[in-house]
Amino acid sequence: MDDEAILRIANRLQHHCVLELLYQEVLLDVLPHDGREKLVVQHDLEIARHVVGYLVRAERGQVSVEPLPWSQDLSRAGADEADVRIHQDLSAFAGMLRAVFGPDSVSGLAQVADTLASGDRGTGVPWGELFAERARRNADLAGLALRFGSDKWGARWYARQYDRFFRPYRDRPVRILEIGIGGFQEADRGGASLEMWKRYFPRALVFGIDIEDKRFLETQRLRTFRGNQADPEFLSKVLEETGELDIVIDDGSHFNSDQIKSFEFLFPRLAADGLYVIEDMETSYWPGFGGSSTEFSSPSTGVGYLKDMVDGMNYEAMTSDATYRRRPTDRTVVGIHFFHSMAIVEKGINEDGGLGAMIPDEVKRQGPRYLMPDYPVPPEFESAQDAANAATTPPKKPATNGTKTVTRPLPTAADEPGVGATSSK
């Protein structure tokens, strides 16, 4: 946005609230790396030739903003307790907001580091080095999982798959929903993975769903909802608040029926290039969670449900008389990736119109010898192909010409309507 649009938002939210959000992003994840427990910044805003001052205190994982009880002229000295003093007109203030929250947030933080360093009052905080170190640490998803106590590394090894699939989304302003926040009924536990996602995706809005109230976790860019993941009415209300989601991670009840119901509601409403993850799919084999260790392809289990979807992803290759019943996901699932105890489904446009759709039915039924009689096939297919040819080729009646019997030659591939164009390609 331009300066005017940014300042309209800042005025509506009030400057002290915007400063609190700004410094939550800038300070909270930096101070521990420097061994500091507290830092005070005086942030002065010049408005119509007057300066309104704010004291920003960052300590013990919290940021507070206190408006100074006076309006000062440009010559007034700063508060004695401030470690850093920043003086900005509104245009510079808008630029700082853009640097932190804008599209180039990584390079923008280098500008913020210069601003903080220029206002340093003797603390010697190496801002540039701290921001660079934070960026490096937050790119390490396994390290973040260990840091916040998420079971996605150690108890599980999901982080390696997440890093592979999520890395292209890192610098995008994505919206992420995780089903299942953790901590169960304990009011002050849970949220380790939400905190991990918030750091890994520096521009993301992170949302969590749980059957318990986890609002105590809510901070800048992180919000929670309480409800049942299998309730479409609840999920609809969540989407009204979150907007279109880019990534959904189901780490919820682990009941197979809940996994399927959540997928069927949320996947169609996912962004066009979104990702949908189902964790802990070992419950597909546990009867106590609706799974089975004997019926491996049952569509009532999470794994069996996704196995069926693999066939749908290849609907264009089926023969025209196939009895397969189409699903809405056939045209929107472009990839299904199974890993140990988890699956990742990629959304996209599954309408390639490639050879699978172009090859004639007779070739699909009889194989390549329908077009090229001398085409070599594996020995085990010889008898099967002869049987298929006998079943699909009608017997030829001899044509009579007086007393002489004439046997007409079998048609070649070029005689078949539509085949010549395909084979010539």
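- Using a cutoff of 4.0 Å between basic side-chain nitrogens and carboxylate oxygens, E279 and K152 are scored as salt-bridged.
- No side-chain donor-acceptor contact under 3.5 Å links Y324 and N314.
- Under the 4.0 Å criterion applied to side-chain N and carboxylate O atoms, R57 and E81 are assigned as salt-bridge partners.
- Salt bridge annotation for R327-D308: present, with a cationic side-chain nitrogen under 4.0 angstrom from a carboxylate oxygen.
- Side-chain contact, H43 with Q88: a donor N or O sits under 3.5 Å from an acceptor N or O.
- Salt bridge status for K198 with E195: absent, with no side-chain N to carboxylate O gap under 4.0 Å.
- In plain terms, the two heavy atoms of D246 and A271 that are nearest each other are OD1-CB, 3.6 Å.
- A salt bridge links D3 to R98: at least one charged side-chain nitrogen sits closer than 4.0 Å to a carboxylate oxygen.
- The aromatic rings of F207 and F225 sit tilted relative to each other, their planes meeting at an angle between 30° and 60°.
- Taking the ring centroids of F263 and Y276, they lie under the 6.0 Å cut-off.
- Under a 4.0 Å N-O distance rule, the pair R134/E25 does not qualify as a salt bridge.
- Of the possible donor and acceptor atoms, none in the side chain of T283 sits under 3.5 Å from a partner among the backbone N and O of W286.
- Side chains of D250 and H254: no donor on one and acceptor on the other come within 3.5 Å.
- Classification of R226 and D210 as a salt-bridged pair fails, no side-chain N sitting under 4.0 Å from a carboxylate O.
- Ring to ring, W197 and Y162 are close: their centroids are under 6.0 angstrom apart.
- In this structure, a donor-acceptor pair under 3.5 Å is absent between the side chains of S91 and D89.
- Contact check on R167 versus D163 returns a salt bridge, with a Lys/Arg side-chain nitrogen under 4.0 Å from an Asp/Glu carboxylate oxygen.
- Between the side chains of T123 and D83, no donor-acceptor pair is found at a separation under 3.5 Å.
- For E66 and H16, the side-chain atoms include no donor-acceptor pair closer than 3.5 Å.
- Between the side chains of Q220 and Y23, not a single donor N or O lies within less than 3.5 Å of an accepting N or O.
- The residues D140 and R136 are annotated as not salt-bridged, no charged nitrogen and carboxylate oxygen being separated by less than 4.0 angstrom.
- Remark: the S298 side chain and the S292 side chain contain no N/O donor-acceptor pair separated by less than 3.5 Å.
- Salt bridge status for D231 with K261: absent, with no side-chain N to carboxylate O gap under 4.0 Å.
- Side chains of S300 and N256: no donor on one and acceptor on the other come within 3.5 Å.
- By the 6.0 Å and 45° rule, R170 stacks over the aromatic ring of Y200.
- Within 6.0 Å of CD1 in I211 there are 12 or fewer heavy atoms belonging to other residues, nucleotides or ligands.
- For the pair R269 and F265, the cation sits on the ring face: its NZ or CZ lies under 6.0 Å from the ring centre, inside 45° of the axis.
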